[in-house]
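Both ligands and their constituent atoms are indexed starting at 1 by order of listing. Along the sequence shown, the residues carry numbers beginning at 1.
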Amino acid sequence: MRTQVGIVGAGPAGLFLAHLLHREGVESVILESRSREEVEGTIRAGVLEQWVADLLVELGCGGRMQAEAHVHTGITLQYERQRFHLDIEGLTEGKRVTVWPQHEVLRDLIAAWLAQRPEGIVFGVRDTAIHGADGDAPYVTWRQNGETEDRLDCDWVIGSDGFHGPGRRSIPESVRREFQKVYPFGWLGILAHAPVAWHELIYARHEDGFALASTRTETIQRMYVQCDPRDDLANWPDRRIWDTLHERLATDGWSLTEGEIFQRGIIPLRSFVCETMRHGRLFLAGDAAHIVPPTGAKGLNLAVADVLVLSRALVAAYRGNSTELLDAYPTTALRRIWKAERFSWYMTTMLHRDDGETPFEQRIHMADLDYVASSRVAQTAIAENYVGLPFDAAT
Ligand code: FAD
Ligand code: DHB
């Protein structure tokens, strides 16, 4: 097979990129190691920044979201059993966020992509390997169902294959510049058949740890509690999960309605940036290059931001025969990435319990929350980041 852009990974980064390139007349093929059912069934992020929701509509893939998703004009922060409303819409000149789960976004992107290009994704690839990135003729090889090796020749390869994919590892370790912070806590996430807990998301700091009440539909709710990242789900029977949520989200005059928990999982929290986002004709995008802890709901949005910048650069390379924007891609993308890293780290440290911190540091987080609760300027800083920072004019 031959195409212009070879994309490894059909997550948000890979699928948005394929659509963005296609509408500008640049062709691509996506190679994905999981099955379509697995990709469309994996529960991950839930909050879209306004421009991402708008982009989904522009790409013709936003119909179900517009009909079914919850649009939120604010978030609620809670500490010391008190809640306060952060008026995102009022603080950002009318911007909002959309609570619409990642797998629903992917479902519509995949269906539209296959309708346009039935051979545009190969699912279930094994042994994916990227070759010749530092030459003029890169290619990707893989196997399917234990058969002989297949090969995709292309002009550029995009590693949008998540944190554990082969994209980043195809860049020699000796030239990779990486930065990491691993947090001593994780999130236990659940989906439950229950009524909406509150009219907007609640991010709560409690002396025992963080809790987050989010939503999916009128009857399905998404909740998270801070836990040990190495903990076993067997240690979290339903009773303990609900007791923990009741305790950490408690406030006067409100109670949480329980329901059947039908999905659960534990994720570790880390911040990570690989600044080497280009190696010859290989570019990294999304989780392949960076991870944020989920407290600011940035992971998916940042992946889409990368490929928006990258798609413009690739299109410019084909149209104008100039690689100036491609050469600038890591620098351009990293400016936004580091700001999202900062915000996600800030929200995470402010809202979680970390037994490794000194009592002084813990007091600082309480002062931070007190400041946010009382200062419009501090609230504006959170709101501006939460809805998504603007792109630099140059991109
Ligand atoms: P991914 O979505 O990881 O997509 C990469 C794709 O590449 C995958 O489909 C993978 O199967 C494929 N792939 C991997 N290896 C290969 C290979 N060898 N060959 C071919 N394909 C390959 N963010 C939030 O904002 N809020 C959340 O609550 C939240 N929860 C999360 C829970 C989990 C368990 C995880 C892992 C992430 C979560 N995130 C969350 C982060 C968010 O989902 C990611 O930032 C987002 O998925 C990044 O998109 P991506 O396209 O870069 O990578
Ligand atoms: C959800 C996930 C997040 O990381 C977040 O900050 C808010 C909501 C969710 O899955 O709904």
Side-chain angles (χ1 to χ4, degrees), residues 6-18 30-36 38-49 52 69-70 72 75 97-106 109-110 121-130 140-144 152 157-170 186-191 200-203 210 212-216 220-224 263-270 272 284-307 340 343-344 347-348 351 386:
I7 300 176
V8 183
L15 280 160
F16 268 97
L17 179 62
I30 308 177
L31 306 170
E32 167 57 52
S33 56
R34 293 182 298 159
S35 68
R36 181 175 179 180
E38 272 180 278
V39 172
E40 293 182 352
T42 306
I43 306 299
R44 287 194 178 174
V47 178
L48 306 184
E49 294 173 2
V52 175
H70 293 234
H72 286 204
I75 55 172
V97 293
T98 303
V99 184
W100 183 239
Q102 176 165 332
H103 67 279
E104 300 287 5
V105 173
L106 298 186
L109 288 171
I110 290 170
I121 308 186
V122 186
F123 286 105
V125 303
R126 294 272 163 274
D127 306 333
T128 324
I130 297 164
V140 187
T141 56
W142 71 94
R143 287 177 204 281
Q144 225 179 349
L152 176 67
V157 179
I158 312 304
S160 52
D161 47 0
F163 186 66
H164 301 287
R168 192 177 62 258
R169 291 195 308 268
S170 302
W187 280 14
L188 166 66
I190 61 155
L191 282 170
E200 55 194 22
L201 272 59
I202 308 171
Y203 289 86
F210 172 77
L212 167 57
S214 180
T215 185
R216 287 293 178 264
I220 297 178
Q221 309 316 321
R222 178 78 164 144
M223 315 250 177
Y224 300 93
Q263 199 274 346
R264 68 194 77 209
I266 291 176
I267 56 161
L269 265 57
R270 83 168 84 222
F272 171 82
L284 302 182
D287 277 16
H290 45 76
I291 295 287
V292 289
T295 323
K298 290 292 126 215
L300 182 165
N301 296 291
L302 198 54
V304 185
D306 283 0
V307 297
F343 177 65
S344 303
M347 292 290 279
T348 300
L351 290 165
Y386 197 79

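Taking CD of E32 as the start and CD1 of I110 as the end, the distance is 7.5 Å to the nearest 0.5 Å. With rounding to the nearest 0.5 Å, the separation of CD in Q102 from CD1 in I43 is 9.5 Å. The distance from the CG atom of D306 to the CG atom of D287 is 9.5 Å, given to the nearest 0.5 Å.
The residues lining ligand 1, counting any heavy atom closer than 4.0 Å, are V8, G9, A10, G11, P12, A13, L31, E32, S33, R34, R44, A45, Q102, V125, T128, S160, D161, G162, G165, P166, Y224, I267, G286, D287, P294, A297, K298, G299, L300, A303. Residues with a heavy atom under 4.0 Å from ligand 2: R44, G46, V47, W187, L201, Y203, L212, S214, R216, R222, Y224, P294, T295, A297.
Two residues are said to be in side-chain contact when any heavy atoms from C-beta on lie closer than 4.5 Å; T42 and H103 fail this criterion.
Applying the ring pair (Phe, Tyr, Trp, His ring centres under 6.0 Å) criterion to F343, with sequence neighbours excluded, gives no partner residue. Applying the salt bridge (Lys or Arg N to Asp or Glu O under 4.0 Å) criterion to R126, with sequence neighbours excluded, gives no partner residue.
Ring geometry for Y386 against Y203 counts as perpendicular: the plane angle is over 60°, on a 0 to 90° scale with 30° as the lower cut.
No option in L31, I7, L15 other than L15 meets the side-chain contact (heavy atoms from CB on, under 4.5 Å) test with I121.
Judged purely by atom type and a 3.5 angstrom limit, T215 has no side-chain atom pairing as donor or acceptor with the backbone of Q221.
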